[in-house]
Amino acid sequence: MQKYIVQKYGGTSVGTPEKIKNVAGKIKSYTDRGIKVCVVVSAMGKTTDQLIDLARQITDDASDREMDMLLSTGEQVSISLLAMALHAAGTSAVSFTGSQAEVITNGMFSNAKIESINSEKLLKAFEKNDVLIVAGFQGIDKDGNITTLGRGGSDTSAVALAASLGIKDCEIYTDVDGVYTADPRVVSSPRKLSEISYDEMLELARLGAGVLHSRSVEFAKKYNINLIVRSSYNDVEGTTIKPKEDMMEKFIISGITSKNDEAKFTIRDIPDQPGIAQTLFSRLGEKNIYVDMIVQSTGKDNHATISFTVLKKDFKTVNDICESVKKELKASEVTSSQEIATVSAVGVGMLSTAGVAGRMFKVFSEHNINIEMISTSEIGISCVINEIYAELAVKALHKEFLEK
Ligand code: ASP
Ligand code: MG
C-alpha cells in the first residue's frame, strides 16, 4: 500500500537557498523509500516580520484584509523555491497556494479558522507527483478573500492537511529537536521528552512553552494524528505528541513553564453580594478582554477583594474599567502590577498522584518566594509570583520534580 506522510518546515528551516536545498534533500530521502510527502512550509526566515514592518512604514492602520494579502506572499516564495529545489534533485513536485489547495477558512482575517480543504484535488495531484507542497498559514474565505491563520499558523495548516488527506503521521521540522521539560535557556540540562500527550502539550503551550501553534495540537487531538516535533538539522528522534492512552510512561510532571505576558489587578473592599463579579467581568468581556486567573477573597463586614490577571497588552483598558467600577461600587482601592510571572508545573501523572501541590508550595517556601495567586487545572498547577523570582522558581521546581 502507498505510504504517505505530512511534513512541515518552519521559517528557520527554509531561511536561505542553501537550507531550502537541504530540505529538498531530506524530502527526497523519503520519496526514495517510496513514501509520498505532503509538505507545508512557512515563509523564509524572518520574512513575515519584515512584511509587517513594511506595512507599518506605510500606515499604522492597515486593513486586516490587505495585511493578510501581504503576509500570504511570504509562503508563496518558499513553496515555489522548494518545488524548484526538488525538481533540480529529480523529484516530482508541485506547489499550491492556500487558495489553490482550496483551504477554505472563515472570514476572520489574521486569525482565520480552517473549515475545509479540497482533498480530492490534492489526492489527484499525488497521482502524478511524489511531493505536494502547500503554503502554510493561509487560506481563502467563501468570498475568495485571502486569509491567514495567526502567527505560527503553518503548524495548523499541516495538521489540517493530514486530517483531510487521511494521513496519520505529521512531522513538524523546526530548529529544536523536540519538546523539553523546561526552557534550556533557564534550566541547564532539561530532558527531551520522547512522548507527551495532546493535553499536556496544550497545557504547556497555554502556560508559556510555545513550541507549536495551539490549534494544531487541538486538531491533532480531534483527528488522532501523531504529531512529531523534530529538528531539520539532524536525524535525532523527536518528541511524539499522541493520545495519553498510548503513552508508555506517564510522568507526574512533564514540564515546568513560566510566562510573563500578564498583569495582575486587585479591587479591594467591594460589596460581597450577588451581581458584583458580573458587573466587573461583563464589562471586561464587552471589550473582548481575555481574563486568565480570578481569585476572590472575603474580607470583613461583607466586603470582598477580587484579583485577576489579564494580558499586559490590555493593561490600560483594564485599568480604566477598574477605576470606573471602583467609583460605582465604592471600592476602597485598585492596585495593579505588571511585574508578575506565572510559573507552572504540567503533567498527566498529576491525575493519579496526591501531594503535587504541596510539594510545589514547599519549593516556593524553601526559597522564600511569596505566592500571590494559585490556580489549578486537571493536569497543571500555576502560581503567580514576582517576576524577579521566575527563573529561580523554574530551576527549583525542575530540580524537585524532574532531576531526582
Ligand atoms: N510565516 C508565518 C509566521 O511567521 C506562519 C508560520 O511561520 O507558521 O507567523
Ligand atoms: Mg513559525
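Each ligand, and each atom within it, is numbered from 1 in the order the structure gives.
Ile196 pairs with exactly one of Val211, Val229, Ile241 by the side-chain contact (heavy atoms from CB on, under 4.5 Å) rule, that one being Ile241. Here the options are Gln50, Gln57, Arg56, the test is side-chain hydrogen bond (donor to acceptor under 3.5 Å, both in side chains), and the partner is Asp53; only Gln57 passes.
Counting heavy-atom neighbours within 6.0 Å of Met108 CE, excluding the residue itself, gives a total of 12 or less.
Between the side chains of Asp68 and Thr147, no donor-acceptor pair is found at a separation under 3.5 Å.
Put simply, part of Gly152 is less than 4.0 Å from ligand 1, judged by heavy atoms. Not a single heavy atom of Gly11 sits under 4.0 Å from any atom of ligand 1.
Checked against a 3.5 angstrom limit, the closest N/O atoms of Gly150 and ligand 1 fall outside it. The N/O atoms of Thr48, backbone and side chain alike, include one that comes under 3.5 Å of an N/O atom in ligand 1.
Classified by interplanar angle (parallel below 30°, tilted 30° to 60°, perpendicular above 60°), the ring pair Phe281/Phe308 is perpendicular.
Between atom 9 (O) of ligand 1 and the options Gln138, Glu75, Arg151, the minimum heavy-atom separation is to Arg151.
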